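On a predicted model such as this, the values are computed, not experimentally measured, just so you know.
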Amino acid sequence: MQGFTDHRYFKVMHYAMLGFRAEQAKSKALTKVANAPPATAKSKPKGPANPQARKNQDAMKRLAKTGSIKDALLIDFE
């Protein structure tokens, strides 16, 4: 190190050290991934989350078919 008089060598050595550390971290991460248990997929709920929303959807379909004022009154517009 004492033989270097140009500051650019220090910068190159710095980036080389960063690359070396990144390679070590990569190999360490790969071993962690290899030893990890497999991920399980989250299950989706089978039914509607909000029964009121399903009721409104059915009422909208009914209104589209009939066009009745009675069917329009069954829809909750909140």
Side-chain angles (χ1 to χ4, degrees):
M1 294 289 285
Q2 292 176 356
F4 296 126
T5 57
D6 195 359
H7 67 281
R8 292 176 288 190
Y9 289 117
F10 293 113
K11 194 166 195 166
V12 168
M13 295 301 289
H14 172 73
Y15 285 119
M17 184 58 98
L18 289 177
F20 179 70
R21 288 181 185 158
E23 287 292 324
Q24 286 180 335
K26 181 180 175 183
S27 65
K28 187 176 180 182
L30 286 176
T31 57
K32 282 185 179 182
V33 168
N35 295 331
T40 58
K42 293 183 181 180
S43 63
K44 294 182 180 178
K46 303 262 188 257
N50 187 358
Q52 182 66 29
R54 181 66 181 166
K55 184 179 171 185
N56 281 339
Q57 287 175 351
D58 292 340
M60 289 292 285
K61 287 179 185 177
R62 199 174 316 112
L63 176 63
K65 288 180 183 176
T66 63
S68 168
I69 189 72
K70 290 180 182 178
D71 290 332
L73 291 174
L74 293 175
I75 299 172
D76 186 18
F77 287 105
E78 289 183 26

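Cluster partners of I69 are absent, since no Ile, Leu, Val, Met, Phe, Trp or Tyr has side-chain heavy atoms less than 4.5 Å from it. Chaining together hydrophobic side chains whose heavy atoms lie under 4.5 Å apart leaves L74 on its own.
For the atom pair NZ of K55 and CG of D58, the computed distance is 10.0 Å after rounding to the nearest 0.5 Å.
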Ignoring hydrogens and angles, write down the donor-acceptor pairs under 3.5 Å from the side chains of residues 7-22, residues two or more places apart or on other chains.
residue, atom, partner, partner atom, Å
R8, NE, D6, OD1, 3.4
R8, NE, D6, OD2, 2.8
R8, NH2, D6, OD2, 2.6

Atom pairs and distances, donor-acceptor, side-chain atoms in residues 24-38, under 3.5 Å, two or more places apart:
residue, atom, partner, partner atom, Å
S27, OG, Q24, O, 2.9
T31, OG1, K28, O, 2.6
N35, ND2, T31, O, 3.2

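Listed by first and then second residue, the salt bridge (Lys or Arg N to Asp or Glu O under 4.0 Å) pairs that reach into residues 62-73 come to none, sequence neighbours excluded.
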